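Structure first, commentary second.
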Amino acid sequence: MPLWLMKSEPETWSWDQQVSKGTEAWTGVRNHQAAGFLKAMQVGDRCFFYHSNTGKAVVGIVTVVRGAYPDPTDPAGRFVCVDVAADRPLPFPVPLARIKEQPELSAMMLLKQARLSVMPVTGPEWDVVCRMGGCQALRERAPG
DNA sequence: GCCAACGTTGGC
DNA sequence: GCCAACGTTGGC
């Protein structure tokens, strides 16, 4: 069961906006490694929603509601996007600083590849972050 | 505001 | 095909 993390600058697209809108196309990824992860996503997969730059915290969970399709914002038509829907907030957002303090999270791709905007999260990492965020650790795929 | 990491571009 | 220059991301 794949689990993911997606980054967004809150000035560009925030968790609050995601909650207000419900479902949103996750466009603008222009990195081939990140695009590969988008292509691997399946409907129902869960993703952490991470605020980069001014936020620097995992703030919520979204679910994939449409698998990879051509990104309408890419004029060349080479990159893909997915649609995600807000699932639930983390009652206590988990800051990057706290992730760095956790020995169990020391191998997270978030820490290893700072510039990657879409990445997989392991099951144990998922559970630890959920626990830190005061959220039930739902790993299983969301119902359709 | 600075800088490290790193992907891309372009000259050779 | 190499590599320097440059642009972008994102933490600090």
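Chain identifiers are assigned alphabetically (A, B, ...) following the order of the sequence lines, protein sequences preceding nucleic acid strands; residue numbering begins at 1 within each chain. Every value quoted in this text rests on a predicted model; they were computed, and no experiment measured them.
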What are the two closest heavy atoms between A/Ile61 and A/Trp15, and how far apart are they?
-> O-CH2, 3.4 Å
Smallest separation among heavy atoms of A/Asp45 and A/Trp4, with atom names = OD2-NE1, 3.0 Å
At under 4.0 Å between heavy atoms, which parts of nucleotides 3-12 of chain C does protein reach? Answer with one letter per nucleotide, 5' to 3': B base, S sugar-phosphate only, - none.
-> ----BBBBBB
Using a 3.5 Å cut-off and no angle test, enumerate the donor-acceptor pairs between side-chain atoms of residues 20-41 of chain A and protein atoms at least two apart in sequence or in another chain.
unit_1, atom_1, unit_2, atom_2, d
A/Ser20, OG, A/Asp16, O, 3.0
A/Lys21, NZ, A/Glu24, OE1, 2.5
A/Arg30, NH1, A/Asp71, OD2, 2.9
A/Arg30, NH2, A/Thr73, O, 3.0
A/Arg30, NH2, A/Thr73, OG1, 2.9
A/Asn31, OD1, A/Gln33, N, 2.9
A/Asn31, OD1, A/Ala34, N, 2.9
A/Gln33, OE1, A/Gln113, NE2, 2.9

Is A/Gln18 reaching over with its side chain to a backbone N or O of A/Val84, donor-acceptor style, under 3.5 angstrom?
-> yes
Could you state whether A/Leu116 and A/Phe79 fall into the same hydrophobic cluster, counting links through intermediate Ile, Leu, Val, Met, Phe, Trp or Tyr residues with side-chain heavy atoms under 4.5 angstrom apart?
-> no
